[in-house]
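Residues: numbered from 1 along the sequence shown. Values below: every heavy atom of this structure, side chains too, minus hydrogens, waters and symmetry copies. All of these numbers come straight from a predicted model, not from anything done at the bench.
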Amino acid sequence: TYTITLTTLSPTFIGSNTRLKKTEYCYYPALQKAVMLDREKFFAFLVQKNLMDAYEQFIFGRDGNLAVFLQNLGYGYPAMRDVMLYATDAGDALDETHSLRDIDCFLRDAHNRAYIPGSSLKGALRTALLIQRIDEDKYPHPVGLWDKDSAKAIQKHYFYKLNLARKRKDEMLNDILRTVSISDSEPIENVNMTLCRKLDISPKGFAKKLPVVRECVRPGVKIRFALTIDTSFGRYISVEDIRAAVAAFAEYYNKYIRSFPGAKAGAAAPDSLFLGGGSGFFTKSAAYPLLGREKAVREVSRYLQGRFRLHRHEQDVHLGISPRTVKCTSYRGQLYPFGLCRVEIS
């Protein structure tokens, strides 16, 4: 048993599939805080103060700023402290001169504490291990990049090594990643959370602000997990295997981020990988190592053009990279990619 310590080098997002509408939280620019409300307590407050009719008119009106609506009725931040779930730093994502945005919330436990599930970290490590193994041992068969059977065959080739289901070598029972167990993280304090807006950055550095705001762990936060490796199968993924894969992943990512010289979001630091939502294609896919750069650009651009016909992804081939944007955000005036974390095992 070991301890994995993640240090967030950039804002990191693990989605909960919960989205707060701009009429469901309060933003206080003077405090630079967004207050997430306990719905039951908030509606009890509205009933107690005889504000339900006014709130209904607010909901169907054009002004979507709940804090301003309540302040105009005489209920400011102190009153909302009694009905809030928690407050988080608004970061660079919200400002008082522009319309508020809906917020994609971070994953939280039954006690409303933010955390990162072990499955998310294990998935990121699996991607790093796959990319490393492809680099060391090129896949010998044709690749159908978007074909499920081809994807399963690739997993079988690199990971189905335990020989437990001897009659069917393609059974997931043989997956060597079964030897690795990662706990959910320790709870993350609310003081370490912030809101971040999604930015798409072109190779020349042009930034497109998208109407997506995510609740993230801010940079510089240490998050711990328990790592258990089961050696009883004879074959297993070792700590040394994991460290080597993480090191190789950073080199892989930096090879492709050079195609975005104007992004200025920074390269991946040694011994780091990408975790969670919004981190982009290059952090989740093994297409480039599998196909080689030239073929991958053609195949990925063709696929994206088929799915998003108005985005003119056929132009990606001339740029020499596809997708042609890197996913970033801003925190305290500095540009970051989403989800970059240093990995330490002790």
Side-chain angles (χ1 to χ4, degrees), residues 1-6 12 14-15 107 115-141 143-186 223-253 268 271-277 279-290 339-346:
T1 300
Y2 304 85
T3 297
I4 296 182
T5 301
L6 289 186
T12 300
I14 305 292
L107 185 65
Y115 76 101
I116 296 176
S119 57
S120 292
L121 177 53
K122 186 173 179 179
L125 291 174
R126 186 183 189 94
T127 300
L129 285 160
L130 177 61
I131 288 172
Q132 181 205 30
R133 293 183 177 206
I134 293 170
D135 188 57
E136 293 176 349
D137 173 26
K138 292 298 182 184
Y139 187 63
H141 307 296
V143 176
L145 200 56
W146 318 112
D147 179 67
K148 290 183 179 180
D149 290 336
S150 182
K152 186 175 181 179
I154 292 166
Q155 295 293 322
K156 174 186 172 183
H157 180 81
Y158 290 108
F159 290 135
Y160 291 7
K161 303 296 183 181
L162 293 184
N163 203 32
L164 298 178
R166 295 176 182 175
K167 292 184 179 179
R168 293 198 59 186
K169 301 293 186 180
D170 61 346
E171 288 287 351
M172 290 182 66
L173 183 67
N174 291 322
D175 193 336
I176 198 169
L177 266 296
R178 291 185 60 203
T179 64
V180 176
S181 297
I182 301 175
S183 72
D184 293 342
S185 77
E186 297 175 348
I223 306 168
R224 293 176 179 82
F225 305 74
L227 166 67
T228 303
I229 295 177
D230 186 348
T231 62
S232 66
F233 293 99
R235 303 186 73 173
Y236 56 90
I237 299 292
S238 68
V239 167
E240 291 73 24
D241 292 332
I242 294 173
R243 288 185 178 127
V246 172
F249 181 87
E251 293 182 10
Y252 148 79
Y253 178 79
D271 302 324
S272 65
L273 50 69
F274 286 84
L275 181 68
S279 53
F281 179 86
F282 300 105
T283 72
K284 306 289 187 184
S285 171
Y288 276 76
L290 278 168
L340 183 61
C341 299
R342 179 177 291 115
V343 180
E344 298 171 277
I345 305 176
S346 58

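Around OH of Y236, the count of heavy atoms belonging to other residues, nucleotides or ligands within 6.0 Å does not exceed 12. For K148, the NZ atom counts as loosely surrounded, since its 6.0 Å shell holds 12 or fewer non-hydrogen atoms of other residues, nucleotides or ligands.
Here the side chain of Y158 pairs a donor or acceptor atom with the backbone of Y139 at under 3.5 angstrom. No side-chain donor-acceptor contact under 3.5 Å links T3 to the backbone of S346. No donor-acceptor distance shorter than 3.5 angstrom exists from the side chain of N174 to the backbone of L162, with no hydrogens or angles considered. The backbone N or O of I345 lies less than 3.5 Å from a partner atom in the side chain of R243, making a donor-acceptor pair. In this structure, the side chain of D241 engages the main chain of S238 through a donor-acceptor pair within 3.5 Å.
Within the model, atoms CG of L121 and SG of C341 stand 8.5 Å from one another, a figure rounded to the nearest 0.5 Å.
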side-chain contact (heavy atoms from CB on, under 4.5 Å) between T127 and T283, intermediate numbers included: CA-CA 8 Å; T127 300; T283 72; over 6 Å; no
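Taking the six-membered ring for Trp and thresholds of 30 and 60 degrees, F249 and Y252 have ring planes inclined between 30 and 60 degrees apart.
Listed by chain and residue number, R126 satisfy the salt bridge (charged side-chain N to carboxylate O under 4.0 Å, His left out) test with D175 (two or more places apart in sequence, or in another chain). Every residue two or more places apart in sequence or in another chain was checked for a salt bridge (charged side-chain N to carboxylate O under 4.0 Å, His left out) with R342, and none qualifies.
Side chains of R178 and L164 form a contact here, defined as non-hydrogen atoms less than 4.5 Å apart.
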